[in-house]
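Below, chain A is the first sequence line, B the second, and so on; all start at residue 1.
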Amino acid sequence: MFALVDCNNFFVSCERVFRPDITGKPAIVMSNNDGCVIARSEEAKAIGIKMGDPIFKCKPLLDAFNVHIFSANFSLYGDFSKRITSLLSETTNDIELYSIDESFLRFFEVPAPFQSYTALGQSIYDTILRCTGIPVSVGFGPTKTLAKLASQLAKKNKTPSFDLTKYPIDTILKTVDTQDIWGIGRRFKSRLDKLGIHTAFQLKNASEGMIKQALNLPGLQTQLELRGIPCHNLDTQEKPSKSIISSRSFGKPISAIEDLKGALASNITLAAEKLRKQGLTTSTLFVFIKTNKAHDDYMKQSIVVNLPSPTDSTQRLVGLALSGLEKIYKKNTTYTKSGVMLFNLAHQDSLQYSLFTHDLTKEEHEKRLMTAVDLINQKLGKNMVGLARTKGKIRPWESKQNKLSPSYTTEWSDIPNVKC
DNA sequence: TCTGGGGTCCTAGGACCC
DNA sequence: TCTGGGGTCCTAGGACCC
């Protein structure tokens, strides 16, 4: 049996833990740069605010209903996620961290002392709510796809726990639209529509050959999972990243190359930190700059930089990125976003050095510098030390975060005071 | 005026090998 | 008239997820 534990309105729920005054009131969380809606409370959904809507478009609704608005605070959400994971590990070690707000669990029998999976789910709900303040929905099913569906049904039926195997499956699948199935996105939905397949029940019973032809292997696997045949295993191991991306929209549009350099240096700083945290190095750097995607004259420029030898040094990567930038930069262009991607990631201990350009002394020096920088920032706060280029007094590239809540659980200075 | 960020997997086609 | 068979690796693009 698979279980999916899904946090309800996760980002909004995290904000509410420290703002009990907004319980029962409409609230949303915005994406980086305060651009669009990425999380909504039930009340916000009810008044018609859509996922992914640009803020300026739903401004009238937000004002009219006095909606509480938050900038994304990922250090807060990440910390809650960790706490929830650690609570789940008390139930079983057979656990896969699927996303920041979802985990899959696997059971071979109902664990003692519970009488049923439904009761187990209720207990998971109670524990997580009591210890963290976050409400979750727990769904049970014989495959991941069905467990995921079960957790959606739990939400729909306003119950903490839902065991799909306790109900006549086909009756339920007849009520499920194909686009609500995990693995069926917009494109697949429209292809299925053309085949006359609109419900989960129809997809389950369609001919395998037809589905394979229309949706390829991933679609076929989804079909089999609906039939109760597991195609997706539980990934309990945390795998090292294959790529690392760091990109940000600018607080204000930028044209000057000096400003772009500052933005790019910040992107690299973040990406290289992620790299070192996993003990990885990169040997391929991808740099991109973009204009506004929503405009007709949308443009993007990019360049691939292959490194002579693998590195995890912020300094070295910034140097390479900036010379790449000079090659792609166009004058008199209004850029709104920059970013970097790191590829060909390898573990530090299995490095393949270049025969000719390898300079051990220099590498040792860089390594010690980066270790010191990471340590200081970890101890004294984010970005306490960094490259001068990212530290200018005016940083027009810096994302808007006008409604940022405190980092209640991850910064000493932000811990709430309680008076009693 | 104003529209996020970070990932993975699969497939088809091309290039190459014997 | 008839033009082999089997394989790997790489890349770009498309699809999905949160």
note: A/Tyr298, atom OH; B/dG4, atom P; distance rounded to Å ~ 10 Å
A/Glu102 and A/Lys148 ion-paired at < 4.0 Å = yes
Using a 4.0 Å heavy-atom cut-off, does A/Ser246 contact any base of the nucleic acid, only the sugar-phosphate backbone, or nothing at all? sugar-phosphate
Check: Is A/Arg227 paired with A/Glu208 through a side-chain N to carboxylate O contact shorter than 4.0 Å?
Finding: yes
| message | Strictly below 4.0 Å: does A/Ser241 bring a side-chain N or O up to OP1 or OP2 of B/dG7? | response | no
Presence of A/Ser247 side-chain N/O under 4.0 Å of B/dG6 phosphate oxygens OP1/OP2 = yes
Under a 4.0 Å heavy-atom cutoff, the residues of residues 8-16 of chain A touching DNA chain B are none
Sorted by number, residues from residues 43-70 of chain A placing a heavy atom under 4.0 Å from DNA chain B are A/Pro54, A/Phe56, A/Lys57
| Under 4.0 angstrom, heavy atoms only, what part of the nucleic acid is A/Lys144 near: base, sugar-phosphate, or nothing? | nothing
Is a salt bridge present between A/Lys174 and A/Asp170, judged by a nitrogen-to-oxygen distance below 4.0 Å?
no
Whether A/His232 and A/Trp182 hold their rings parallel, tilted or perpendicular, with breakpoints at 30° and 60°: perpendicular
Of the candidates B/dC9, B/dG7, C/dC18, the side chain of A/Ser99 sits closest to C/dC18
Of the listed B/dG4, B/dG6, B/dC10, the closest approach to the A/Pro218 side chain comes from B/dC10
Rounded to whole Å, CD1 of A/Ile100 lies from C1' of B/dT8 at a distance of 18 Å
Could you tell me whether A/Phe74 and A/Tyr77 have their ring centroids closer than 6.0 angstrom? yes
Closest heavy-atom pair, A/Phe2 versus A/Arg106, reported as atoms and distance to 0.1 Å, is CE2-CD, 4.2 Å
Which of B/dT11, B/dT3, B/dG4 is nearest the side chain of A/Ser31? It is B/dG4
Check your understanding: Are A/Ser399 and A/Asn32 linked by a side-chain donor-acceptor pair shorter than 3.5 Å?
Key -> no
Rounded to whole Å, CZ of A/Phe250 lies from C1' of B/dT3 at a distance of 15 Å
Closest of B/dG6, B/dT8, B/dC9 to the A/Lys239 side chain is B/dC9
TODO: Classify the angle between the aromatic ring planes of A/Phe80 and A/Phe18 as parallel (below 30°), tilted (30 to 60°) or perpendicular (above 60°).
DONE: perpendicular
Next on the checklist: Does the plane of the ring in A/Phe104 sit parallel, tilted or perpendicular to the ring in A/Tyr98? Use 30° and 60° as the thresholds.
Outcome noted: perpendicular
Does B/dT3 have OP1 or OP2 sitting under 4.0 Å from an N or O in the side chain of A/Lys400? no
Practice item. Start with the C-alpha distance between A/Glu326 and A/Lys261, add both sets of side-chain angles, then the distance that settles salt bridge (Lys or Arg N to Asp or Glu O under 4.0 Å), and finish with yes or no. Key: CA-CA 9 Å; A/Glu326 287 178 359; A/Lys261 285 182 177 175; 2.8 Å; yes
Taking B/dC2, C/dC17, B/dG7 as options, the one with an atom nearest any side-chain atom of A/His295 is B/dC2
*Just to confirm, is there a sub-4.0 Å distance from OP1 or OP2 of B/dG5 to any side-chain nitrogen or oxygen of A/Lys337?*
yes
Between C/dC18 and B/dT3, how far is it from one P atom to the other, in whole Å?
25 Å
Mind checking A/His232 for me? I need base, sugar-phosphate or nothing, with any heavy atom below 4.0 Å counting as a touch. nothing
- Task: Remember a base hit wins even if backbone is also touched, and classify A/Asn33 as base, sugar-phosphate or nothing at under 4.0 Å, heavy atoms.
- Result: nothing
Closest of C/dC16, B/dG5, B/dG7 to the A/Ile245 side chain is B/dG7
By nearest-heavy-atom nucleotide on DNA chain B, the more 5' of A/Gly35 and A/Pro240 is A/Gly35
Looking only at C/dC16, B/dG4, B/dG7, the nucleotide nearest the A/Ser243 side chain is B/dG7
- Task: For the pair A/Phe343 and A/Phe286, name the ring-plane relationship: parallel under 30°, tilted 30 to 60°, perpendicular over 60°.
- Result: perpendicular
Rounded to whole Å, the CZ-P distance (A/Phe343 to C/dT11) equals 11 Å
Rounded to whole Å, the NZ-P distance (A/Lys189 to C/dG14) equals 22 Å
Taking for A/Lys242 and for A/Lys293 the nucleotide of DNA chain B with the nearest heavy atom, the one nearer the 5' end belongs to A/Lys293
Between CZ of A/Phe74 and P of C/dC18 the distance, given in whole Å, is 15 Å
Winner on side-chain proximity to A/Asn292, out of C/dC16, B/dT3, C/dC18, is B/dT3
Taken to the nearest whole Å, CG/A/Leu217 to C1'/B/dC9 is 10 Å
From the candidates C/dC18, B/dG7, B/dT3, the one with an atom nearest any side-chain atom of A/Ala294 is B/dT3
query: Under 4.0 angstrom, heavy atoms only, what part of the nucleic acid is A/Lys148 near: base, sugar-phosphate, or nothing?
result: sugar-phosphate
Among the nucleotides C/dC18, B/dG7, C/dA15, whichever has the atom closest to the side chain of A/Lys274 is B/dG7
| query | Does the separation of the ring centres of A/Phe162 and A/Tyr167 fall below 6.0 angstrom? | reply | yes
note: A/Leu342, atom CG; B/dG7, atom P; distance rounded to Å ~ 9 Å
